Protein chains: 2
Amino acid sequence: MEIPDIVVGRLPIYLRALSHLESIGQTVTSSHEMGNALGISSAQIRKDLSHFGEFGKQGTGYQVKYLVDQLRRILKVGADWDIAIVGAGDLGRALANYNGFADRGFRIRAIFDSDPRRIGQTHGGHVVQDARDIGRVLPELGIRLAMVAVPAAAAQLVADHLVAAGVQGILNYAPINILVPEGVQVQYIDPVVHLQRMTFYLEAPTPNPVTG
Amino acid sequence: MEIPDIVVGRLPIYLRALSHLESIGQTVTSSHEMGNALGISSAQIRKDLSHFGEFGKQGTGYQVKYLVDQLRRILKVGADWDIAIVGAGDLGRALANYNGFADRGFRIRAIFDSDPRRIGQTHGGHVVQDARDIGRVLPELGIRLAMVAVPAAAAQLVADHLVAAGVQGILNYAPINILVPEGVQVQYIDPVVHLQRMTFYLEAPTPNPVTG
DNA sequence: TAGATTGTTAATCGATTAACAATC
DNA sequence: TAGATTGTTAATCGATTAACAATC
């Protein structure tokens with residue numbers, strides 16, 4: 001691999017921090033300032049960016065807007081990506097209603113569920129469609145990314161259908177590992193995993209003798 | 001640091017996979033089987049586990065139930081942790097209604113919001129409380145973990161209040177980095193970061209000349 | 001100029017992997 | 001026993017950091 005995955009993984013964090021600086025009107029920053037804000041060494045930020053070119057000026061630092069544009073280009077979020085959501089439960093609906101996708105390169109275009117009671121409902125301006133239509137609708141709309149918010153037991157089957165429909169990237173909220181063909185990207189979001197990564201470092205809770 | 005963070009980060013993944021095996025009735029597994037399911041080398045799994053003891057048998061592998069118990073102990077999720085949710089918007093409500101916490105070591109105990117229209121509503125059996133009461137309620141209940149599901153602009157202030165109330169771990173859903181005192185754990189969940197980690201590897205979308 | 005900061009090199013540090021003796 | 005798999009060692013591989021010339 002040309003660029004290490006671990007470097008790619010940090011770029012969205014840099015982009016988010018820089019977009020924030022931009023939004024508060026700051027026009028210039030430095031690797032030191034970014035590092036302080038993110039808890040990362042300035043050397044690492046400079047090294048990471050150096051994989052892609054030279055974006056700063058000695059003595060000055062980085063133009064925020066310019067670096068934002070460059071990172072958007074590198075991450076391919078210059079033009080919007082269309083996304084499908086599978087699962088119209090609480091989480092799927094929250095994602096459908098979330099306003100934070102639009103200005104960061106993504107646009108919800110469809111939402112699916114297999115439960116007849118949910119099909120036809122509207123969330124975030126999108127009518128819930130029958131999950132059986134994934135194979136037809138996604139190619140029609142040219143959708144290549146999906147977020148999976150279904151029960152763990154259904155996630156692998158849903159992923160199979162998505163891949164068959166041409167999806168190239170899956171953000172899986174179901175708390176289970178899924179298997180996909182080579183070349184299909186998968187990322188996971190599982191709050192419990194993150195919580196357990198914190199509790200490791202804390203003192204174990206003392207069970208309360210009253211409430212259990 | 002004794003145990004590398006990166007090893008700790010994998011343990012919840014191992015635990016999740018093992019719990020899954022347990023749920024489908026499998027009693028024994030091996031580092032090879034786990035590695036295949038997770039896309040991790042068997043050597044890495046054995047090495048990771050070796051930081052904490054010897055849990056397997058040569059020729060046989062690992063007893064699923066025993067290893068689950070051991071990982072629960074190591075991650076300190078043997079007894080339940082109480083959690084507070086801050087933010088009763090779509091995401092906070094989805095978290096409050098999520099049933100996946102209870103059997104993995106966590107229990108929602110309180111939900112807060114600052115919007116008077118949301119205070120008093122009930123979600124997942126919890127009445128939304130005034131965020132101004134965080135400093136009183138959390139110590140009363142002995143809550144040491146919180147999930148933050150508020151707008152980015154409010155996240156730092158909320159984190160400050162949580163830390164002042166004794167919170168030792170924050171799972172931040174707001175798309176912004178927060179600063180906390182040393183010793184306070186922070187984890188981040190931002191779907192856009194994960195989506196951008198995937199789009200890097202894909203071919204950029206061609207803007208549709210009709211729909212934009 | 002003097003001060004600041006980049007991009008890059010080389011050294012250090014740490015993580016992963018291959019291999020295998022031990023042993024079930 | 002024969003086959004399988006662990007736990008561990010040592011080697012390899014890769015990532016991070018310190019340092020600094022270049023230069024704004």
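Please read all numbers here as calculations on a predicted model, not as lab measurements.
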From the 5' end of DNA chain C to its 3' end, which nucleotides mark the outer limits of contact with chain A, defined by a 4.0 Å heavy-atom distance cut-off (strictly under)?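 Going 5' to 3' along DNA chain C, contacts run dA4(C) to dT9(C).
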
When you measure from every atom of DNA chain C, which of residues 50-64 of chain A have a heavy atom less than 4.0 Å away? Ser50(A), Glu54(A), Phe55(A), Gly56(A), Lys57(A), Gln58(A), Gly59(A), Thr60(A), Gly61(A), Tyr62(A)

Shortest non-hydrogen contact between [X] and [Y], atoms and distance:
X	Y	value
Ala17(B)	Leu38(B)	CB-CD2, 3.9 Å
Gly124(B)	Asn97(B)	N-OD1, 3.0 Å
Pro4(B)	His51(B)	CD-NE2, 4.0 Å

Convert the base pairs of DNA chain C into dot-bracket notation, remembering that pairs crossing earlier ones are written with [ ] and that bases paired across to another strand are shown as |; include only Watson-Crick or G-U pairs under 3.5 Å. ..||||||||||||||||||||||

Check: His194(B) side chain, Pro191(B) main-chain N or O, donor-acceptor pair, under 3.5 Å: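 Here the side-chain-to-backbone pair does not exist.
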
Arg16(B): salt bridge (Lys or Arg N to Asp or Glu O under 4.0 Å) partners, not counting sequence neighbours: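 By the salt bridge (Lys or Arg N to Asp or Glu O under 4.0 Å) rule, Arg16(B) matches Asp190(A).
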
Salt bridge (Lys or Arg N to Asp or Glu O under 4.0 Å) filter on Arg136(B), not counting sequence neighbours, yields Asp133(B), Glu140(B)

On DNA chain C, check which nucleotide each of Gln44(B) and Ala43(A) is closest to and give me the residue with the more 5' one.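 Going by which nucleotide is closer to the 5' end, it is Ala43(A).
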
Passes side-chain contact (heavy atoms from CB on, under 4.5 Å), Leu171(B) versus Leu145(B)? Steps please. CA-CA 8 Å; Leu171(B) 177 48; Leu145(B) 291 175; over 6 Å; no

Can you tell me which residue among Lys57(B), Arg46(B), Gln70(B) is in a side-chain contact (heavy atoms from CB on, under 4.5 Å) with Tyr62(B)?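 Going through Lys57(B), Arg46(B), Gln70(B) one by one, the side-chain contact (heavy atoms from CB on, under 4.5 Å) with Tyr62(B) is satisfied by Arg46(B) alone.
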
Base, sugar-phosphate, or nothing for Ser31(B), non-hydrogen atoms under 4.0 angstrom?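 Touches sugar-phosphate only.
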
Can you name the residues that form a side-chain contact (heavy atoms from CB on, under 4.5 Å) with Asp103(B), not counting sequence neighbours? none

Regarding Gln156(A) and Asp160(A), is there a side-chain donor-to-acceptor distance under 3.5 Å anywhere? yes

